[in-house]
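Note: hydrogens, waters and symmetry copies are ignored here, and every other heavy atom, side chains too, is used.
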Amino acid sequence: MTMQKTMIWQMLAVLLIAGAVAVSGCGAGPAAAPVAEAVALESLPATIDAAKANQLAGRDDVVVLDVREDWEFASGHVPGAQWIPLGELASRLDEVPKDKTVVAVCRSGNRSGQATELLRQNGFQAHNMAGGMNAWQQAGYEMAR
C-alpha cells in the first residue's frame, strides 16, 4: 500500500471513531440531560430519594402530596405540592388524582410512608420520599412558602 493510501485509511478510521463517539453521546454534556431525567414511573420503587423526587416534581403526570400539619407546610414545601394532613387523608382520598403518580412527603419520611401505604391499598401509584423535607432541604432544592 502506498503512503497516500495508508494516510487516507487512517483518516477514515479517525472519522469513523469520531462519528461513533458523537452518536453514542460519550462525554455527553447538556444534550444528554433530558435522557437522564426521563424517569419510567412504572418502575419506581415504593420509596424514592429526594433527588428522584426532585426529578419528578413539576411533571404533569406526578403530584407531590405533602401530608404534614398546616404549620409545617407553611414553613416550606416542595413547589406545587398538594397539601392534605395525614390525619385527614383517609377521608379525602377523592382529592388525590388517581390518574397521576403520587410522591408522598412529610418531615422525615415516616408519615409519608404511612400515607404511601394507605394510597397503595386504595389503588394509587404512590411512592414515599425517604428523608422527607429534611432530605429535600439538605439537598438544597427549591422550597415554596
*asked:* Using side-chain contact (heavy atoms from CB on, under 4.5 Å), reason through Leu44 and Lys52 one step at a time and then give a plain yes or no.
replied: CA-CA 9 Å; Leu44 286 176; Lys52 185 67 70 186; 4.0 Å; yes

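Atom-to-atom distance recorded for Asp99:CG and Gln125:CD is 12.5 Å, nearest 0.5 angstrom. Rounding to the nearest 0.5 Å places CG of Asp49 at 9.0 Å from CE of Met129. In this structure, CD on Glu88 lies 12.0 Å from CG on Leu93, to the nearest 0.5 angstrom. The CD atom of Glu117 lies 14.5 Å from the CZ atom of Phe124; values are rounded to the nearest 0.5 Å. From Glu72, atom CD reaches atom CZ of Arg107 across 7.0 Å, with rounding to the nearest 0.5 Å.
Taking all atoms of both residues into account, the shortest heavy-atom contact from Leu119 to Ala126 is CB-CB, 3.7 Å. Looking at every heavy atom in both residues, Pro79 comes nearest to Ala144 through CA-CB, 3.9 Å.
A side-chain contact (heavy atoms from CB on, under 4.5 Å) with Leu65 is found for one member of Val105, Leu89, Val103 and no other, namely Leu89. Between Thr101 and the options Leu56, Leu41, Val63, a side-chain contact (heavy atoms from CB on, under 4.5 Å) holds for only Leu41.
By the criterion of side-chain heavy atoms lying less than 4.5 angstrom apart, applied directly or through intervening Ile, Leu, Val, Met, Phe, Trp or Tyr residues, Met133 is not grouped with Phe73; the two fall into different hydrophobic clusters. When the side chains of ILVMFWY residues are joined at heavy-atom separations under 4.5 Å, either directly or via intervening members, Ile48 and Val78 end up in a single hydrophobic cluster.
Side-chain atoms of Trp136 never come within 3.5 Å of backbone atoms of Ala53 as a donor-acceptor pair (strictly under, hydrogens ignored). A donor-acceptor distance shorter than 3.5 angstrom exists from the side chain of Trp83 to the backbone of Arg68, with no hydrogens or angles considered. Remark: the backbone N or O of Val64 is not paired with any side-chain donor or acceptor of Lys100 at under 3.5 angstrom. In this structure, Asn54 contributes its side chain and Ala50 its backbone to no donor-acceptor pair below 3.5 Å. When atom types are taken as modelled, the side chain of Arg111 and the backbone of Cys106 share no donor-acceptor pair closer than 3.5 angstrom. Looking only at distances, no side-chain donor or acceptor of Gln82 sits under 3.5 Å from a matching main-chain atom of Pro97. At least one donor-acceptor pair closer than 3.5 Å links the side chain of His127 to the backbone N or O of Pro45.
Counted by atom type alone, Asn128 and Ser112 present one or more donor-acceptor pairs between their side chains at under 3.5 Å.
For the pair Ile84 and Glu95, the minimum side-chain heavy-atom distance is below 4.5 Å.
The 12-atom threshold is not exceeded at CD of Gln138, counting heavy atoms of other residues, nucleotides or ligands nearer than 6.0 Å.
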